[in-house]
**Q** 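Structure incoming, see below.
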There are 2 protein chains.
Amino acid sequence: MKTRVLLIEDDLNITELVRYNLERADYKVESVADGEEGLYLAAQDTPDVILLDWMLPNLSGLEICRQLRRNEETANVPIIMLTARADEPDRVRGLEIGADDYVTKPFSPKELIARIQAVLRRVRPALAGHELRFEDISLDNVSHRVMRNDTLIHLGPTEYRLLRHFMENPGRVFSREQLLDSVWGHDVYVEPRTVDVHIRRLRKAMNEGDGKDYIRTVRSAGYALDKHR
Amino acid sequence: MKTRVLLIEDDLNITELVRYNLERADYKVESVADGEEGLYLAAQDTPDVILLDWMLPNLSGLEICRQLRRNEETANVPIIMLTARADEPDRVRGLEIGADDYVTKPFSPKELIARIQAVLRRVRPALAGHELRFEDISLDNVSHRVMRNDTLIHLGPTEYRLLRHFMENPGRVFSREQLLDSVWGHDVYVEPRTVDVHIRRLRKAMNEGDGKDYIRTVRSAGYALDKHR
DNA sequence: AGTTAATGTTACAGATTGATGGCACTTTAG
DNA sequence: CTAAAGTGCCATCAATCTGTAACATTAACT
C-alpha cells in the first residue's frame, strides 16, 4: 500500500514540484491550498504524513498544526513543516507545538523524501520497510513474513494487518471499533464481534504449540499486544 | 524519570555546551568522545536518545549510526546527528541510514531540545500516553494497566473507572451519588449502597498483601483518594 | 454503656462479555 | 473453472462482572 501524503501548501509551483517528485517515488499525494480544507481532509481520511506550509492564507501553519494535534483522528499523524523562514525561534515553536520535522525552502526533493522516511520509520516502522519486532515475534513488511522464534507463521491478510497494527502500537489497548477503523478501513461496516473471531484466529496461528499468548484481552475495552501476566 | 541522552562528540566545547544546556533542562547526559566507546556505552546502558557527531576520529558518524541500527539493543533508539556539513547529500545519507533527525552546527540549544522532544514524542507515545500517578499507584489509560509498586493489579471495568476517577481528582471527596453519576453514568439507576461494594472490591484489589489503604471513608459524605492517617 | 445511623462484608443470582466452532459465502490461486 | 483459502456472522458455552439484600461492624452521639 502506498504511503499517503497530505500536502497543505498555497504556492502552486511548490505543490507541483512536491507532487511530481513524491509520486515518482511512489507516494500518493493529496494536496490542498487552504488550511481549513486541509484540516477537513486530514480528519476525513487520515493520511500517513502531513506536509504543512508555514505561510498560508487565513490560518497560519502553526495554528493548523495545533488544531491537527487537538483532533483525535489526526493527533498522531506526523507533520513536517515546509517553510522559507530559517530563523530559529519559529522553528522551535513549530517543533514545540507538535511538528515532527522541519524543512526549509528551497529544499531538495531527495531531502524531503528522506525526512518523510525518517519520520515514518518512527511512527509506522512497517511503512518504511523496516522489520517490526516484539519479543520473539518479528514481522517484515517487505517480504510480508511473520516469524516467531525463527518459525514461519502463516497468517491470512486480515490477521496480518491486525498483527501489524498491534506491533506498531505495542501495549496500547484498542477497542473493537478502533480496530475495525484502522485495520479494516473507516468505510467498511462489519460487526464489532467479528474482531473477536480474527483475534481468535491470530492467537491460534501465533501460539501454535508452545507459544505464550501476547494478546491481552481487556474486558469491556478491547485488545492489546502485550507481554501480560 | 529523567530522559537519558548519550552524546558522542569529540569537540569538547560542543560537549560542554550541550551538556550544560541539557542538564539545565533536566536531562541526564552521558558523553563520550570516541565512536567505539559510544557504541559500547549505548549497548551497555541503552539511552533514550543518541546525539551523534558526524565527524569523529576513527569511525565516522555515519558508520556508527549504521552499527547502532544493527545492534538489537540500540536499533530503536532515536539518533540525532550533529554536523557542520550543510550539504544535502550527506544529510540525505544520514537520514537514509537511520538517523531520525539532523541538526546543523552551529545550533541553538533551544532548537536541539525542541528536536529531541519532537523525536521522543514519536518514539515514546507513552510520554503522551495518559499515565496517572498517586503515591505508589500508577494508572495508564492507554495500556489500561494499574500498577502498585511495580506489581500489576487487576481490576474489573467498574473498579478501573472508579480508581481512574479518584486519581483524576486526588484528595477530593465524592458522595455516592456523585460517584454514580460520573463513574456509572448519569442515566443509570443503581442503589447508592452499591458504591460501597465496589469501593470494597477496589480496596481489596489494591491493598493485596502489604499495601496501605489510600481510600478514605468520609462518614456521611463519601469517599476520597488520599494518603490519610 | 446503649442506641442508632452509617459503613463494611459476604454470598449469590442474573447479566455481560469474551471464546469458540460451525457454516455459508466470497475471493484468490492454480 | 475448480479447489483452497479467507471472511464475516451467528449460536452456544464459559468466564467474569454486577447489583442487591442480608447481616456484621463501627463511629458518633446521649
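We name chains A, B, ... by the order of the sequence lines, and we start the count at 1 in each one.
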**Q** From CD of E191(A) over to C1' of dT7(D), roughly how many Å is that when rounded to an integer?
**A** 14 Å
**Q** Side-chain donor or acceptor of R203(B) under 3.5 Å from a matching atom on the base of dG8(C)?
**A** no
**Q** Heavy atoms under 4.0 Å, any strand shown: does V197(A) hit a base, just sugar-phosphate, or nothing?
**A** base
**Q** It should be established whether R193(B) places a side-chain nitrogen or oxygen under 4.0 Å from OP1 or OP2 of nucleotide dA6(C).
**A** no
**Q** Using the ring of each side chain (for Trp, its six-membered ring), is F174(A) parallel, tilted or perpendicular to H165(A), with breaks at 30° and 60°?
**A** tilted
**Q** Taking atom types as modelled and ignoring hydrogens, do the side chains of R203(A) and T217(A) form a donor-acceptor contact shorter than 3.5 angstrom?
**A** yes
**Q** Is the shortest side-chain N/O distance from T217(B) to OP1 or OP2 of dT7(C) below 4.0 Å?
**A** no
**Q** Counting only side-chain heavy atoms from C-beta out, which of dG19(D), dA5(C), dC9(D) sits nearest to T194(A)?
**A** dC9(D)
**Q** Nearest whole angstrom, please: distance from the P of dG19(D) to the CG of L180(B).
**A** 9 Å
**Q** With a 4.0 Å limit, can you tell me whether Y223(A) has a side-chain N or O closer than that to the phosphate oxygens OP1/OP2 of dT17(C)?
**A** no
**Q** I need the minimum non-hydrogen distance between N21(A) and L17(A), along with the two atoms involved.
**A** ND2-O, 2.8 Å
**Q** Think R176(B) has a side-chain N or O under 4.0 angstrom from the OP1 or OP2 of dT7(C)?
**A** yes
**Q** Between atom CZ in R201(A) and atom C1' in dT7(D), what is the gap in whole Å?
**A** 6 Å
**Q** Nearest whole angstrom, please: distance from the C1' of dG6(D) to the NE2 of H198(A).
**A** 8 Å
**Q** Return yes if a side-chain donor-acceptor contact under 3.5 Å exists between D101(A) and Y102(B), otherwise no.
**A** no
**Q** Between P on dC9(D) and OH on Y189(A), what's the gap in Å once rounded to a whole number?
**A** 7 Å
**Q** Within less than 4.0 Å of OP1 or OP2 of dA6(C), is there a side-chain N or O belonging to S220(B)?
**A** no
**Q** Could you check how far CG of L162(A) sits from C1' of dG6(D), rounded to whole Å?
**A** 14 Å
**Q** What is the separation between atom CG on L155(B) and atom P on dC17(D), rounded to the nearest whole Å?
**A** 10 Å
**Q** Quick check for you: among dT18(D), dG8(C), dT10(C), whose closest atom lies nearest to any side-chain atom of R200(B)?
**A** dT10(C)
**Q** In terms of side-chain heavy atoms of R219(A), which of dA28(D), dG8(D), dT16(C) is nearest?
**A** dT16(C)
**Q** What's the closest nucleotide to the P157(B) side chain, out of dT18(D), dA19(C), dT7(D)?
**A** dT18(D)
**Q** Does a side-chain N or O of H154(A) approach OP1 or OP2 of dG6(D) to a distance below 4.0 Å, or not?
**A** yes
**Q** Can you check the W184(B) CH2 to dT20(D) P distance for me, whole Å?
**A** 10 Å
**Q** Taking the side chain of D196(A) as its heavy atoms from C-beta onward, which of dT26(D), dT9(C), dG18(C) lies nearest to it?
**A** dG18(C)
**Q** Count the heavy atoms belonging to other residues, nucleotides or ligands that lie under 6.0 Å from CD of E23(A), then report whether that count exceeds 12.
**A** yes
**Q** Below 4.0 angstrom, N of the basic side chain to O of the carboxylate: do D213(B) and R148(B) qualify?
**A** no
